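Naming convention: chains lettered A, B, ... in sequence-line order (proteins, then strands); numbering from 1 in each chain. Model, not experiment: these values are computed from the prediction.
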Amino acid sequence: MPAKLKRLNTKFFQRDVLEVAPQLIGKTLVRQFAHGQHVRFMITETEAYRGEEDLACHAAKGRTSRTEVMYHRGGKIYVYLIYGQYWLLNFVTGEADFPAAVLIRSLENITGPGRVGRALQLNRTFYGEDLTLSDRIWVEDDGYLPEIETSARIGVDYAGDWASLPWRFSLRK
DNA sequence: GTAAGGATTGGC
DNA sequence: CCAATCCTTACT
């Protein structure tokens, strides 16, 4: 089967982030580099960020130049630099004008969102990249049926009650 | 213009 | 435990 048929499409991403985030576990992230080489990693940990009322979500501060892409319809990439050194990878989900995204926290053998960005060699040019069209990064369904477990999101203690929601999803070991 | 802080990591 | 490192946001 051509790889193209396995690529996750707009229909997959244009749903509620709380459906998309757990369903990304076990999917395959593909990164193709300029020199033609590509790498494939199974996604093993994600987190959902959902709407302006979610105080852990960057869109809690409203629609700004930084959060703009989160207000687009699902299927695009939202990347941002954290602590001046790590590019964190997110997939925008849902309908237009409702800000939501999935943070890719870990891949197989690459634990931690900062390490994910480093391994994939991300930078600001990935902001707004369309996962359904890009020739350098996309996601495929290779048919794994993983067991998933939930837990609280990491590093968002400032978000009050929103910090304790079970919006972190990971592959059951 | 200036200041504060961050969806992290690695080293001491 | 804490520095690194720079972008975004909020405020004087």
- Task: Over all heavy atoms of both residues, which pair between L122(A) and L89(A) is shortest? Give the atoms and the distance, please.
- Result: CD1-CB, 3.7 Å
What is the separation between atom [atom1] on [X] and atom [atom2] on [N], rounded to the nearest whole Å?
| X | N | atom1 | atom2 | answer |
| --- | --- | --- | --- | --- |
| L103(A) | dA7(B) | CG | P | 10 Å |
| E45(A) | dT8(B) | CD | C1' | 13 Å |
| I154(A) | dT9(B) | CD1 | C1' | 14 Å |
| N90(A) | dA7(B) | CG | C1' | 8 Å |
| I82(A) | dG5(B) | CD1 | P | 14 Å |
| I110(A) | dT8(B) | CD1 | P | 17 Å |
| M70(A) | dA7(B) | CE | P | 11 Å |

Over all strands shown, is [X] touching base, sugar-phosphate only, or nothing at heavy-atom distances under 4.0 angstrom?
| X | answer |
| --- | --- |
| E47(A) | nothing |
| L88(A) | sugar-phosphate |
| R168(A) | nothing |
| R105(A) | sugar-phosphate |

- List DNA chain C stems (3 or more consecutive Watson-Crick/G-U pairs, under 3.5 Å)? B:1-6 with C:6-11, B:8-11 with C:1-4
Check whether the side chains of [X] and [Y] place a donor and an acceptor atom closer than 3.5 Å, and report yes or no.
| X | Y | result |
| --- | --- | --- |
| Y127(A) | E129(A) | no |
| E45(A) | S106(A) | yes |
| H72(A) | Y78(A) | no |
| R15(A) | Q23(A) | yes |

Would [X] and [Y] pass as an ion pair if we require N to O under 4.0 Å?
| X | Y | answer |
| --- | --- | --- |
| D141(A) | R7(A) | no |
| K6(A) | D142(A) | yes |
| E52(A) | K61(A) | no |
| E47(A) | R153(A) | no |

- Query: So which pairs with a foot in residues 65-78 of chain A pass salt bridge (charged side-chain N to carboxylate O under 4.0 Å, His left out), sequence neighbours left out?
  - Reply: R63(A)-E68(A)
- Phosphate oxygens OP1/OP2 of dG10(B): is one of them under 4.0 Å from a side-chain N or O of R115(A)? yes
- Message: Measuring to OP1 and OP2 of dA7(B), would you say a side-chain N or O of Y158(A) lies under 4.0 angstrom away?
- Response: yes
- Message: From C-beta outward on Y80(A), which listed nucleotide comes closest to its side chain: dA4(C), dT9(B), dA7(B)?
- Response: dA7(B)
Can you pull every protein N or O that's under 3.5 Å from an N or O on nucleotides 7-12 of chain C?
from, atom 1, to, atom 2, distance (Å)
dT9(C), OP1, T64(A), OG1, 2.3

- Message: Quick check, does Y83(A) stack with dT8(B)? I mean ring centres under 5.5 Å and planes off by under 30°.
- Response: yes
- Message: Can you check the distance between dT2(B) and dT5(C), where both ends of the measurement are the P atom (answer in whole Å)?
- Response: 23 Å
